[in-house]
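Both ligands and their constituent atoms are indexed starting at 1 by order of listing. Note that these values count all heavy atoms, side chains included, but never hydrogens, waters or copies made by symmetry. Along the sequence shown, residues carry numbers from 1.
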Amino acid sequence: MTTESVAAAQVPAAPDIPGTVRRLRETFATGRTRGVEWRKQQLKALERLLVDNESAIATALEKDLGRKPFEAWLADVASTAAEARYAAKHVGKWMRRKRSFLEFNQLPGSAWVEYEPYGTVLIIGAWNFPFYLTLGPLVGAIAAGNTVVLKPSEISPASSAVMAELVPKYLDRDAIAVVEGDGAVSQELIAQGFDRVMFTGGTEIGRKIMAGAAPHLTPVTLELGGKSPVIVAADADVDVAAKRIAWTKLLNAGQVCLAPDYVLVDAAIRDELVNKIGEAIKTFAADEPKGMRIVNQRQFDRLVGYLSETKGKVVLGGQSDAAELRLQPTVVVDPDPDEPLMKDEIFGPILPVVTVQSLDDAISFVTSRPKPLAAYLFTKAKAIRERVVKEVPAGGMLVNHLVFHATSAKLPFGGVGPSGMGAYHGKYGFEEFSHRKTVMTKPTRPDLTAMIYPPYTEKAWKLARKLF
Ligand code: NAD
């Protein structure tokens, strides 16, 4: 082999994007993916893919993100396998026609909603839970009977490679394909004109996805981020609130779309809460004295930059290790509301705690900012809960805990406004990837419409006025 041919052999071949999409479209046109048996069989195969390869998946996640095996199993393997299992069990029921009783003036006739697969869809995954946020959306797309291109995030390359290897081994390779690559590959894919695109990532890239989809009028589902606030009212159970806030902030080093971004706490309990969050963080992060691993240099520099610019008081942590991209869990009390730490989504292990004088102050702080993916509240009072539920807009809300509202297959998960559009999980994933086609059927005889055919007589007018 010459030097050139060795080099050429080492460079992975550029994906044949138009060819891949064409192949998937041809498969969809055969009708094979519409049958309930195909859907169930693919969902079960997806569950097997995850269960059989738990250790390869854990190794990839450790390489990409330094994730511990327990968290890899819980957040990527078990969660995605459970979604696939749940969908395989229920998809037959979800697919059933939803019949409606028609109004008197629409009779005789019958009508229903037919859940129609969109066709060939594109799913662009995220790196922070690379399997859950790529193969999780795939569950809904398969349940709805589509053919699918998966584009895992290039920011978690080992996980992307595992998906590229395993998906064709377990799933129907003419119906589900993995295309690896970066943002340019995503845009080249979108330019093929898919029947639906789903993207998980940040708001700025979400805008670019929507702009790429616009010329084709491709509908988009955007699962984005934002600054999810935690309001801690004066009557809250401070002990439990502190532990739950600390734990969920530390998950994946704060690189979770639903992580508590910042806390708004009533002045009366501010010091107690800050102390207890500090104690909980010290206990939970004791095995990582050098700090938590951040995914890459760009994100690390961004987070360290927030700390160097803050006007708040750093009461815990603050140290970082640039060589290992590690940042200590850090609590900052009362930063300036206009500094970058309080403007951008943090997506790292830094927790700002902002003092407020009343619930009114907390609510107006949140509502004066873009609608978040989640809003959290700690209170014992029903009246406070009801006010916040009614007055604070957010993708989802959880009272007296964090994150768990997004882990149930029975609830829709999605953002609103800049935190996203559309929702999935369980039946909602099936619906997100299905077109609701209205179907009405009418008998031809007797032809009652004949009573109002033109020419429009006085009698026809009278009858029409009564009917409509
Ligand atoms: P990001 O928005 O920076 O996305 C990075 C990805 O965008 C890369 O994979 C890259 O390939 C792609 N990209 C770059 N330029 C592009 C372009 N012009 N066109 C198309 N794609 C392009 O986000 P991130 O750093 O990967 O993830 C962090 C963000 O994702 C946070 O805001 C977080 O809240 C959000 N997120 C949301 C959810 C959710 O379910 N709602 C889940 C995880 C992460």
Is it true that [X] and [Y] have a side-chain N and a carboxylate O under 4.0 angstrom from each other?
X      : Y      : result
Glu165 : Lys169 : yes
Arg196 : Glu432 : yes
Glu324 : Lys290 : yes
Lys313 : Asp334 : no

Subject >> Sub-4.0 Å protein heavy atom near atom 22 (C) of ligand 1 >> reply: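 It does; a protein heavy atom is within 4.0 Å.
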
Legend entry - Aromatic centroids of Phe433 and Trp94 separated by under 6.0 Å: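 No, ring centres 6.0 Å or more apart.
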
Where ligand 1 meets [X] - atom numbers and elements under 4.0 angstrom, heavy-atom basis:
X      : value
Gln299 : 25 (O)
Asn128 : 43 (C), 44 (C)
Thr200 : 37 (C), 38 (C), 39 (C), 40 (O), 42 (C), 43 (C)
Leu133 : 42 (C), 43 (C)
Glu345 : 31 (C), 32 (O), 33 (C), 34 (O)
Ser186 : 20 (C), 21 (N)
Phe413 : 40 (O)
Leu373 : 41 (N)

### Message
Counting only nitrogen or oxygen atoms and a 3.5 angstrom limit, does Phe199 reach ligand 1?
### Response
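Among all N and O atoms of Phe199, none is under 3.5 Å from an N or O of ligand 1.
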
Mind checking whether Cys257 has an N or O less than 3.5 Å away from an N or O of ligand 1?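 No.
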
**Request:** Please work out which of the three classes, parallel, tilted or perpendicular, describes the rings of Tyr424 and Phe413, given edges at 30° and 60°.
**Result:**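 Geometry flag for Tyr424 against Phe413: tilted rings.
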
With under 30° as parallel and over 60° as perpendicular, where do the rings of Tyr132 and His425 fit, or are they tilted in between?
->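 Rings of Tyr132 and His425: tilted, as their planes differ by 30° to 60°.
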
Ligand 1 contact on Ile209 by region, counting heavy-atom pairs under 4.0 Å =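 Just the side chain.
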
- Report the part of Val256 (side chain from C-beta onward, or backbone N, CA, C, O) that has a heavy atom under 4.0 Å from ligand 1; answer both or neither where that applies.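 Near ligand 1, Val256 shows nothing, with every heavy atom at 4.0 Å or more.
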
For [atom], what is the nearest protein heavy atom, given as residue, atom name and distance?
atom                    : answer
atom 10 (C) of ligand 1 : Glu154 OE2, 3.3 Å
atom 15 (N) of ligand 1 : Ile205 CD1, 3.6 Å
atom 5 (C) of ligand 1  : Ile155 CD1, 4.1 Å

Spatial distance of atom CG (Leu316) from atom CD (Gln328) [nearest 0.5 Å]:
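Reported to 0.5 Å precision, the distance equals 7.5 Å.
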
### Minimum-distance pair of heavy atoms, taken over all atoms of Ile350 and Leu303
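Of all heavy-atom pairs spanning Ile350 and Leu303, the closest is CD1-O, 3.7 Å.
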
Exercise. Backbone N or O of Asp261 within a donor-acceptor pair of the Glu345 side chain at under 3.5 Å?
Worked result: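 No; judged by distance alone, with no hydrogens or angles, the pair does not exist.
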
